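See structure below.
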Amino acid sequence: MNDTPLLDLRAVSKSFPRGDGADLLVLDRVELQLRTGEIVGLLGRSGSGKSTLLRVIAGLLPASHGEVLYQGRGVRGPARGIAMVFQSFALFPWLTVYENVALGLEAQGLDTAEIRRRALAAIDLIGLDGFESAYPRELSGGMRQRVGFARALVMHPNVLLMDEAFSALDVLTAETLRTDFIDLWGEGQLPIGGVIMVTHNIEEAVLMCDRVLVFSTNPGAIVGEIPVTLPQPRNRQDPEFRALVDRIYVEMTARLADRATAETRAGRLPGVGIGSVLPDVSSNLLAGLMETVAGPPYAGGADLPAIASGLQMEVDELFPVAETLQLLRFAEVSGGDIRLADAGRAFADADVDARKRLFARHLQTYVPLAGHIRRVLDERRNHSAPRARFQSEVEDYMSPEDAERTLHAVISWGRYAELFAYDDRTRVFS
């Protein structure tokens, strides 16, 4: 393996303007190297800045601090030699498969014969030979994502960035595309030096990557690195494979426990403050996970990988639910396990009305924004308040997007607990 890294990220940070005029730190001093022949996975929750990091690497966003070096040179804008595959396919619907793939080569000013040779070779490589004249609307989701890969590969990139490239596909299609990619990579047929892939799927990361970097949230930072030395092709049922999956779950849940412990020692309950970004998780999912963990075969305590496998949930679906149960003191999450607290067991055993009363008590006690909204409503003569009154408050602490998600979560939980009502048409709490 070449000792000179393809990419060298040095203390890269990224901030965005916040509603109160201060900056919202999204990435905090990320250090990362990518070497020739490597696939590096970035694994973490939504909001950990992974996709933002890919855009900084690609030159689509400038770093606020630090430096991105590509082959030893600073990235100051879109860099030739770095290509990206997106989750959403991002194809031009009015162009054929061939035209979508050839577009980037045309922008480089190559001659017609070279464009045609490389475009057809890329289309053939990813298994779409014969579909050159088809339009995206004629293709399945998996075929459209193959076009996305061909469009990136035709540029012969040194670095391929994959932003959840398989997550919009059904399970079988995603598995087929992953396998094809790994086979082509192992055979040396892909014109790529190295790959950085963002994923929420722990098994996908262990299946494809040579190293997995675990990201924290708010702000995003690398908090763990796990090498994957299993030979390809990898078997999901291999005990060593399962052990690596378990290790990553332990690493990620340890971060939740560490954060809760640090905040408690600092004299704060985890999640306290109306400026806390809340996971947008439905009460149905919260109740469902408590019922699952309370029931057989778990009897109140479960291994998160087993729960994820049984419920067919990815880490980005399961962790917000587990984290919210921990925030509400219905469960504890640590060491790759979830264990119901006494309140969680009581919830699972209760009838509908008792569940609502218990949930309302915990919501008011442990989610300050919910308690704050209820107090404001209680104090007003007409017991109502516009959403904008609370929106402006939370936007002082977070981005407008996070504020929207946080309020949506609190509205959902408040409605379930019958703590307050909300009219989406008038955007008024009451």
Side-chain angles (χ1 to χ4, degrees), residues 256 260 263-264 268-296 298-302 307 311 313 317-334 337-387 389-391 393-394 405-424 426-430:
L256 294 181
E263 291 180 326
T264 301
R268 304 188 302 270
L269 290 171
V272 161
I274 65 169
S276 297
V277 177
L278 299 175
D280 190 3
V281 176
S282 76
S283 55
N284 284 336
L285 284 175
L286 297 173
L289 186 55
M290 282 191 277
E291 290 170 0
T292 299
V293 176
Y298 305 116
I307 289 283
L311 299 178
M313 296 179 76
E317 298 169 312
L318 179 59
F319 269 42
V321 185
E323 183 181 35
T324 303
L325 291 180
Q326 180 168 270
L327 169 69
L328 290 167
R329 307 306 190 275
F330 285 123
E332 295 178 359
V333 181
S334 64
D337 298 329
I338 180 169
R339 185 163 299 281
L340 292 183
D342 290 343
R345 292 174 182 269
F347 182 97
D349 292 337
D351 62 24
V352 172
D353 289 337
R355 284 184 172 191
K356 285 177 175 285
R357 289 193 297 270
L358 181 57
F359 195 90
R361 287 200 299 273
H362 281 247
L363 184 59
Q364 281 191 279
T365 303
Y366 301 118
V367 180
L369 179 57
H372 174 60
I373 292 171
R374 178 57 189 254
R375 282 192 300 275
V376 169
L377 299 177
D378 285 341
E379 291 166 1
R380 291 193 169 195
R381 182 174 299 177
N382 64 355
H383 302 299
S384 66
R387 179 187 178 122
R389 186 243 184 271
F390 304 109
Q391 184 104 20
E393 279 188 290
V394 294
R405 283 192 293 269
T406 293
L407 277 172
H408 188 270
V410 167
I411 289 168
S412 173
W413 302 342
R415 282 170 162 168
Y416 171 73
E418 299 183 21
L419 195 61
F420 46 73
Y422 177 74
D423 187 327
D424 191 56
T426 59
R427 296 175 68 84
V428 170
F429 289 88
S430 60

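Worth knowing before you read on, the calculation uses all heavy atoms, side chains too, and leaves out hydrogens, waters and symmetry mates. Predicted model, so just to flag it, every value in this text is computed and none were measured.
Residues Ser283 and Ser412 share a closest heavy-atom pair of N-OG, 4.3 Å. When all heavy atoms of Ala343 and Leu358 are compared, the pair lying nearest together is O-CD2, 3.5 Å. Shortest non-hydrogen contact noted between Ala417 and Phe359 is CB-CD2, 3.8 Å. Across Val281 and Leu285, no two heavy atoms sit closer than the pair CG1-CB, 4.0 Å. Taking all atoms of both residues into account, the shortest heavy-atom contact from Pro386 to Arg380 is CD-NH1, 3.8 Å.
Rounding to the nearest 0.5 angstrom, the gap separating the CD atom in Gln391 from the CZ atom in Arg427 is 6.5 Å. Taking CD from Gln364 and CG from Leu419, the interatomic distance works out to 4.5 Å, rounded to the nearest 0.5 Å. Rounding to the nearest 0.5 Å gives a distance of 10.0 Å between CZ of Phe390 and CD1 of Ile411. Atom-to-atom distance recorded for Leu327:CG and Tyr366:OH is 10.0 Å, nearest 0.5 angstrom. Residue His408 holds its NE2 atom at 8.0 Å from CZ of Arg387, rounded to the nearest 0.5 Å. Distance check: Trp413 CH2 to Leu363 CG gives 7.5 Å after rounding to the nearest 0.5 Å.
Residues Arg355 and Tyr416 have side chains that never bring a donor and an acceptor to within less than 3.5 angstrom of each other. Asn382 and Ser384 share a donor-acceptor pair across their side chains, judged by distance under 3.5 Å alone.
Under a 3.5 Å cut-off, the side chain of Arg415 and the backbone N or O of Tyr422 do form a donor-acceptor pair. Judged by distance alone, the side chain of Thr406 and the main-chain N or O of Leu278 form a donor-acceptor pair under 3.5 Å. Side chain of His383 to backbone of Leu377: a donor-acceptor contact under 3.5 angstrom is found.
The closest side-chain heavy-atom distance from Ile338 to Leu289 is below 4.5 Å. A 4.5 Å side-chain heavy-atom check between Thr365 and Arg329 finds every atom pair outside the cut-off. For the pair Val410/Phe420, a side-chain contact is recorded, criterion being any heavy-atom separation below 4.5 Å from C-beta on. Side-chain contact between Glu323 and Val333 is absent, with no heavy atoms from C-beta onward closer than 4.5 Å.
Checked for salt-bridge contact, Asp378 and Arg374 meet the test: a charged N lies under 4.0 Å from a carboxylate O.
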**Message:** Please determine whether side-chain contact (heavy atoms from CB on, under 4.5 Å) holds for the pair Leu286 and Leu328, giving the CA-CA distance in whole Å, both sets of side-chain angles, and the decisive distance to 0.1 Å.
**Reply:** CA-CA 10 Å; Leu286 297 173; Leu328 290 167; 4.2 Å; yes

